[in-house]
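Everything numeric here is computed off the predicted structure, so don't read it as measured data. Labels below follow one simple rule: chain letters A, B, ... track the order of the sequence lines, proteins then strands, and each chain is numbered from 1.
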2 protein chains.
Amino acid sequence: MRSPEDLTVAFRVAGLKVTPQRQLLFRLLHNNSSHPTADSLFNVASELMPGISLRTVYQTLTDLAEMGELQSIEVGSGSMRFDPNISDHHHAVCDNCGAVHDVYVNRAPELRGLDDFSVSDARIVYRGLCGACSVASDS
Amino acid sequence: MRSPEDLTVAFRVAGLKVTPQRQLLFRLLHNNSSHPTADSLFNVASELMPGISLRTVYQTLTDLAEMGELQSIEVGSGSMRFDPNISDHHHAVCDNCGAVHDVYVNRAPELRGLDDFSVSDARIVYRGLCGACSVASDS
DNA sequence: TGCTAATTAGCAATAGTTGCAAATTAGCAA
DNA sequence: TTGCTAATTTGCAACTATTGCTAATTAGCA
Ligand SMILES: [Mn+2]
Ligand SMILES: [Mn+2]
Ligand SMILES: [Zn+2]
Ligand SMILES: [Zn+2]
C-alpha cells in the first residue's frame, strides 16, 4: 500500500473524498504487517477517533482493496484479514497465538492430477507454531 | 472416508449411535468428490429423508471430522466445504462455476523469509478456470 | 460562502454456524 | 420382548462477520 500522502492524492484523483476517518485508516494501515481484521482496526481507530464507525472501517477497507492498495486474505480465523503488503506472498498462521506472518516461496508448486485448469492465482496457508510459541512450549 | 458399513461399526465402537440420519449422510458422503457444503448436503438429504434437520447435518459432519473421517476446507466461498478425501491434497477453485477440484502437488513448497516457524500443515488454494469454463469462454 | 455529490454513522438484515432444551430413539440388559 | 437410559434429533434462539439502507453530515469545488 502506498503512503498516506500518496493515497490522499490517489483518492482525490479518483473523485473520492479524503476524510479524517480515511486519513486515520491510511496511517493505521501503512507499514502494518499484523494482518488486522476490520474489527481490530476499528478498536485501534476508536481510541484515536472516538465515534468512528465500524461501518466506515469496512467501507474504507473495501475501497482500498478495490483500488488494489490492499489485499484481503482468508486464513481460517473466521474473519477477513487485510494486508497492505500487495507483493506476491503467502502466509503462515500460528495455531497457538493466531499471528499471521508473511511467507515467500521460491516457486509456485506445480500441479499434478488436474489436466485442464488454467491457474490465475495460488495461495498457500501454512499452519504450525511461530518462533515465540515454539520456544514457550519447550519443556 | 471409510465405507458406510465400516463407519457403522466405527460409530458403535466409539459409543455413538447409528441413526437413519447418519446412515444417509454416510452414503451421501462416500466417494463424494464434490466438496459439498452443509447446506448442499442438507438439500440432497432432505429429498431422501424429508424432515431431516440442517442441525443434524452439521452435527454429523462435525462428528465425522472429529473422528478424522472427513476434512473440512475453506476455499473462500463463504461456507465450509467437507471432503471425504482425507489424503494429503490441495484444491483448485473455478472462479466461474465455483467447482472445487482435488489437486496433488509434487512437493510441499519450501519456505523463504521465515526463520523460526515449525510448519505442521500447508494448504494451497488455486484459483482460475476449470476445463469446462475455459472452453465456454473461448471466443 | 454555498452547493452538491460523496461519505458517515447507525441500525436493520443477512448468511453461516453453534448453543440449548425438550422430545425422541438406538442399543443394551433383563 | 420389554424397559431403561444415554445419545441423538429437532426447532429455534443466539451469535459473528459482513453488507444494505438511509438520513444527516461534510469535503471539495465554484
Ligand atoms: Mn501478508
Ligand atoms: Mn478435496
Ligand atoms: Zn504463536
Ligand atoms: Zn468452472
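- Within residues 69-82 of chain B, the residues approached by DNA chain C to less than 4.0 Å at the level of any non-hydrogen atom are Gly78(B), Ser79(B), Met80(B), in residue-number order.
- Among pairs with a residue in residues 38-57 of chain A, none fulfils salt bridge (charged side-chain N to carboxylate O under 4.0 Å, His left out), at least two apart in sequence or across chains.
- The stretch residues 28-79 of chain A participates, sequence neighbours left out, in these ring pair (Phe, Tyr, Trp, His ring centres under 6.0 Å) pairs: His35(A)-His91(A).
- The structure places CZ of Phe82(B) at 12.0 Å from OG of Ser34(B), a figure rounded to the nearest 0.5 Å.
- Counting heavy atoms from C-beta outward, His89(A) and Gln71(A) have side chains that approach closer than 4.5 Å.
- Exactly one of Leu61(B), Leu7(B), Leu24(B) qualifies for a side-chain contact (heavy atoms from CB on, under 4.5 Å) with Leu29(B). That residue is Leu61(B).
- Scanning for side-chain hydrogen bond (donor to acceptor under 3.5 Å, both in side chains) contacts around Gln59(B) gives Asp63(B), with sequence neighbours left out.
- Within the structure, every pair that satisfies the salt bridge (charged side-chain N to carboxylate O under 4.0 Å, His left out) test and touches residues 88-99 of chain B, not counting sequence neighbours, is listed here: Asp95(B)-Arg127(B).
- Every residue meeting the side-chain hydrogen bond (donor to acceptor under 3.5 Å, both in side chains) condition with Glu69(A), not counting sequence neighbours, appears here in chain and number order: Arg2(A).
- Applying a 4.0 Å cut-off to non-hydrogen atoms, the residues of residues 32-66 of chain A that approach DNA chain C are Gly51(A), Ile52(A), Ser53(A), Arg55(A), Thr56(A), listed by residue number.
- With sequence neighbours excluded, the residues that form a side-chain hydrogen bond (donor to acceptor under 3.5 Å, both in side chains) with Asp121(A) are Arg123(A).
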I'd like a list of close polar pairs between nucleotides 27-30 of chain D and the protein, N/O only, cut-off under 3.5 Å.
{"unit_1": "dA27(D)", "atom_1": "N3", "unit_2": "Lys17(A)", "atom_2": "NZ", "d": "2.8"}
{"unit_1": "dG28(D)", "atom_1": "OP1", "unit_2": "Arg12(A)", "atom_2": "NE", "d": "2.7"}
{"unit_1": "dG28(D)", "atom_1": "OP1", "unit_2": "Arg12(A)", "atom_2": "NH2", "d": "3.3"}
{"unit_1": "dG28(D)", "atom_1": "OP1", "unit_2": "Val18(A)", "atom_2": "N", "d": "2.9"}
{"unit_1": "dG28(D)", "atom_1": "OP2", "unit_2": "Arg12(A)", "atom_2": "NH2", "d": "3.2"}

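- With sequence neighbours excluded, the residues forming a ring pair (Phe, Tyr, Trp, His ring centres under 6.0 Å) with Phe26(B) are Phe11(B), listed by chain and number.
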Note to self: Both atom distances under 3.5 Å, Watson-Crick or G-U wobble: I'd like the secondary structure of DNA chain C as a dot-bracket string, with | for pairs made across strands.
What the structure shows: ||||||||||||||||||||||||||||||
Item checked: Criterion side chain to side chain contact (heavy atoms under 4.5 Å, CB included) on Asp102(A) and Asp83(A), from CA distance to verdict -> CA-CA 10 Å; Asp102(A) 286 334; Asp83(A) 194 349; 3.9 Å; yes
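- Ser3(B) pairs by the side-chain hydrogen bond (donor to acceptor under 3.5 Å, both in side chains) definition with Glu5(B), not counting sequence neighbours.
- Between Phe11(A) atom CZ and dA5(C) atom C1' the separation is 16 Å, expressed in whole Å.
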